[in-house]
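Notes follow the structure.
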Amino acid sequence: MTLPASFRHDSERRHLQLDPLEPSFFQDPYPTYAHLRATGSSFFWENYGFWCFIGYDAVNRLLRDRRFGREKRHSDADSQGRAGDRSHLIDFDHIEKFSMLELEPPVHTRLRTLVNRAFVSRQVERLRPRIEALANDLIDKFEPRGQADLIAEFATPIPVTVIAEMLGVPTQAAPQLLDWSHRIVAMYMHGRTRQSEESANAAAAEFSQFLRDYAGKRRSEPADDLLSLLLAAEADGAKLTEDELITTAILLLNAGHEATVHQTGNAVKTILESGTHPASLLADAETTAKTVEECIRYDAPLHMFTRYAYESIDLGDGIKLKPGDQIGLILGAANRDPLVFQSPETFRPDRTDQKNLSFGAGIHFCIGAPLARLELQVALKVLFDRLPNLKLRDVPRYRNTYHFHGLERLDVTW
């Protein structure tokens with residue numbers, strides 16, 4: 001096994017030096033995970049400055065451990081450990097301040113209760129015909145050409161259109177929504193620059209104003225959409241404030257497409273490289289659901305989820321944390337733990353030990369998981385039914401990010 005050139009691991013101290021943006025790592029991080037796992041289930045990643053965990057049991061346990069959370073209660077540092085002047089991030093910080101992804105109970109509980117009713121499975125299932133129609137319409141546009149980039153022409157339009165329609169914002173604004181989303185999400189990536197920070201701040205300001213305008217319209221003219229539902233919803237007599245409403249809408253738009261785009265591309269790549277005919281993997285609803293779940297385990301769209309310690313914690317094995325210390329939970333590695341999954345490096349949709357952590361666990365379990373699963377099941381089924389002879393044109397390459405694991409392009413032919 002060839003390890004990335006920047007890889008330096010002191011097995012005795014369990015300290016790792018590894019540039020997460022080194023192409024040989026982010027193009028295929030799994031061999032590195034396997035090498036690290038052979039020496040233990042945790043390591044101190046010096047490039048990030050915190051302890052990371054790669055064992056399934058440890059990741060699952062820590063996701064549920066209420067001594068940790070997403071709120072930065074004991075530090076002014078950001079998700080990359082940076083402190084100091086943040087005046088150029090005032091608009092970004094404002095939306096993050098009200099994000100339920102960054103909050104803990106009781107505020108998190110109230111926000112999630114208000115939003116959750118739109119994402120329960122029975123509500124999401126009503127979207128199946130619309131997702132099928134959308135997938136077919138997209139294929140109609142590129143099928144005559146005999147080739148396509150499925151990331152741009154298929155994987156991206158489906159979730160962004162669906163979540164925009166759910167919220168009640170115009171789908172023709174999708175390119176602008178994507179631009180704002182990508183610029184905001186860049187804040188959570190390793191190695192960001194002052195330029196990307198200022199871009200994210202501007203995007204947050206523009207995105208917020210866009211949604212305030214539409215929220216204002218929905219106050220006077222309620223409709224059958226999520227913005228109207230959020231405006232009217234109450235939990236224990238409390239409604240969303242305007243700031244909470246705007247931030248929640250931004251979070252749903254960002255999270256509602258970002259991971260699903262990556263997972264759709266990763267899943268198509270996985271299926272095409274598996275050597276198994278897609279028809280047998282997507283033969284019926286049950287088989288399709290199992291295939292999708294294995295795709296989610298095998299090549300997850302999010303590899304690291306971070307949390308903060310809220311108190312002094314001794315995790316054993318020499319790992320002692322103080323309030324405000326951050327930890328990294330490596331979901332992509334946990335999903336391939338050989339102590340939990342049989343033949344974890346093998347794509348096996350029929351496995352009986354399926355319990356991946358790609359959607360997280362605990363109170364921050366992905367609220368959009370039912371929608372993401374439905375979109376993947378429908379999109380993959382329609383795609384391979386319509387294009388049964390789909391083939392890769394080139395070797396797919398992943399984007400130069402680490403936390404978010406998705407393809408730059410997915411060039412196919414048929």
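All figures in this text were calculated on a predicted structure; none of them were measured in a lab.
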* Determine the interplanar angle of the His403 and Tyr48 rings, folded into 0 to 90°, and report it as parallel if under 30°, tilted if 30 to 60°, perpendicular if over 60°. => tilted
* According to the interplanar angle, ranging from 0 to 90°, do the rings of His364 and Phe305 count as parallel (below 30°), tilted (30 to 60°) or perpendicular (above 60°)? ->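 Tilted, since the angle between the ring planes falls between 30° and 60°.
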Nearest heavy-atom pair of [X] and [Y]: which atoms, and what distance?
X	Y	answer
Phe210	Pro170	CZ-CD, 4.3 Å
Pro301	Gln263	CD-OE1, 2.9 Å
Tyr402	Pro20	CB-O, 3.7 Å
Ile271	Leu380	CD1-CD1, 4.3 Å
Leu315	Arg67	CD2-NH2, 4.2 Å
Ile319	Ser42	CD1-OG, 3.6 Å

* May I have the step-by-step check of side chain to side chain donor-acceptor pair (under 3.5 Å) for His405 and Asn266, ending in yes or no? => CA-CA 8 Å; His405 184 66; Asn266 295 358; 4.8 Å; no
Any side-chain donor paired with an acceptor under 3.5 Å for [X] and [Y]?
X	Y	result
His88	Asn201	no
Gln195	Thr193	no
Gln377	Thr288	no
Asn335	Ser358	yes
Thr113	Asn116	no
Gln354	Glu293	no
Asp299	Thr270	no

* Asked: Under the 6.0 Å and 45° cation-pi test, does Arg336 pair with Tyr30?
  ->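 Yes, Arg336 sits over the ring of Tyr30.
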* Asked: Quick one: is the NZ or CZ of Arg297 closer than 6.0 Å to the six-membered ring centre of Phe341, and within 45° of its axis?
  ->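 Because its charged atom sits under 6.0 Å from the ring centre and within 45° of the axis, Arg297 does stack over Phe341.
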Would you check if [X] and [Y] make a side-chain contact, meaning some heavy-atom pair closer than 4.5 Å?
X	Y	value
Ile151	Glu408	no
Ser208	Asp91	no
Met187	Ser196	no
His94	Ile90	no
Glu165	Thr171	yes
Ile250	Thr247	no
His262	Leu302	no
Thr161	Arg130	yes

* Asked: Passes ring pair (Phe, Tyr, Trp, His ring centres under 6.0 Å), Tyr188 versus Phe404? Steps please.
  -> CA-CA 9 Å; Tyr188 305 104; Phe404 300 98; 7.2 Å; no
* Start with the C-alpha distance between Asp65 and Arg61, add both sets of side-chain angles, then the distance that settles salt bridge (charged side-chain N to carboxylate O under 4.0 Å, His left out), and finish with yes or no. => CA-CA 6 Å; Asp65 192 330; Arg61 182 179 68 254; 5.8 Å; no
Looking at [Y] and [X], is there a salt bridge between them, counting it only when a charged N and a carboxylate O are closer than 4.0 Å?
X	Y	value
Glu375	Arg128	no
Glu153	Lys141	no
Lys290	Glu286	yes
Glu102	Arg70	yes
Arg183	Asp179	yes
Asp317	Arg14	yes
Asp225	Arg218	yes
Glu244	Arg112	no
Arg393	Asp149	no
Glu143	Arg386	yes

* To do: Check whether the ring centres of Tyr308 and Phe68 lie less than 6.0 Å apart, and answer yes or no.
  =>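 Centroid distance Tyr308-Phe68: not below 6.0 Å, so no.
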* **is_close_aromatic(Phe384, Trp414), centroid dist under 6.0 Å** =>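 Between Phe384 and Trp414, the centre distance exceeds or equals 6.0 Å.
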* To do: Kindly indicate, with the supporting measurements, whether the criterion side-chain contact (heavy atoms from CB on, under 4.5 Å) is fulfilled by Glu71 and His108.
  => CA-CA 10 Å; Glu71 287 182 353; His108 172 272; over 6 Å; no
* Verdict with reasoning, Leu230 to Val115, per side-chain contact (heavy atoms from CB on, under 4.5 Å) -> CA-CA 7 Å; Leu230 292 175; Val115 176; 3.8 Å; yes
* Side-chain donor or acceptor of Thr291 paired with backbone N/O of Leu281 under 3.5 Å ->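 Answer holds: yes.
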* To do: Please check if the side chain of Lys355 supplies one atom and the backbone of Asp353 the other of a donor-acceptor pair under 3.5 Å.
  => no
Is atom [atom1] of [X] surrounded by more than 12 heavy atoms (other residues, nucleotides or ligands) closer than 6.0 Å?
X	atom1	value
Arg145	CZ	yes
Arg397	CZ	no
Asp224	CG	no

* Go through Phe7 and Trp45 one step at a time and tell me if the ring pair (Phe, Tyr, Trp, His ring centres under 6.0 Å) criterion holds. => CA-CA 11 Å; Phe7 183 93; Trp45 198 335; 9.7 Å; no
* To do: Go through the steps to decide whether Leu3 and Phe25 satisfy the test side-chain contact (heavy atoms from CB on, under 4.5 Å), and finish with yes or no.
  => CA-CA 8 Å; Leu3 294 170; Phe25 174 63; over 6 Å; no
* Check the pair Ile330, Phe53 against side-chain contact (heavy atoms from CB on, under 4.5 Å), reporting the backbone distance first and the verdict last. => CA-CA 6 Å; Ile330 314 298; Phe53 300 83; over 6 Å; no
* Full working for ring pair (Phe, Tyr, Trp, His ring centres under 6.0 Å) between Phe347 and Tyr298 -> CA-CA 6 Å; Phe347 176 66; Tyr298 186 77; 5.8 Å; yes
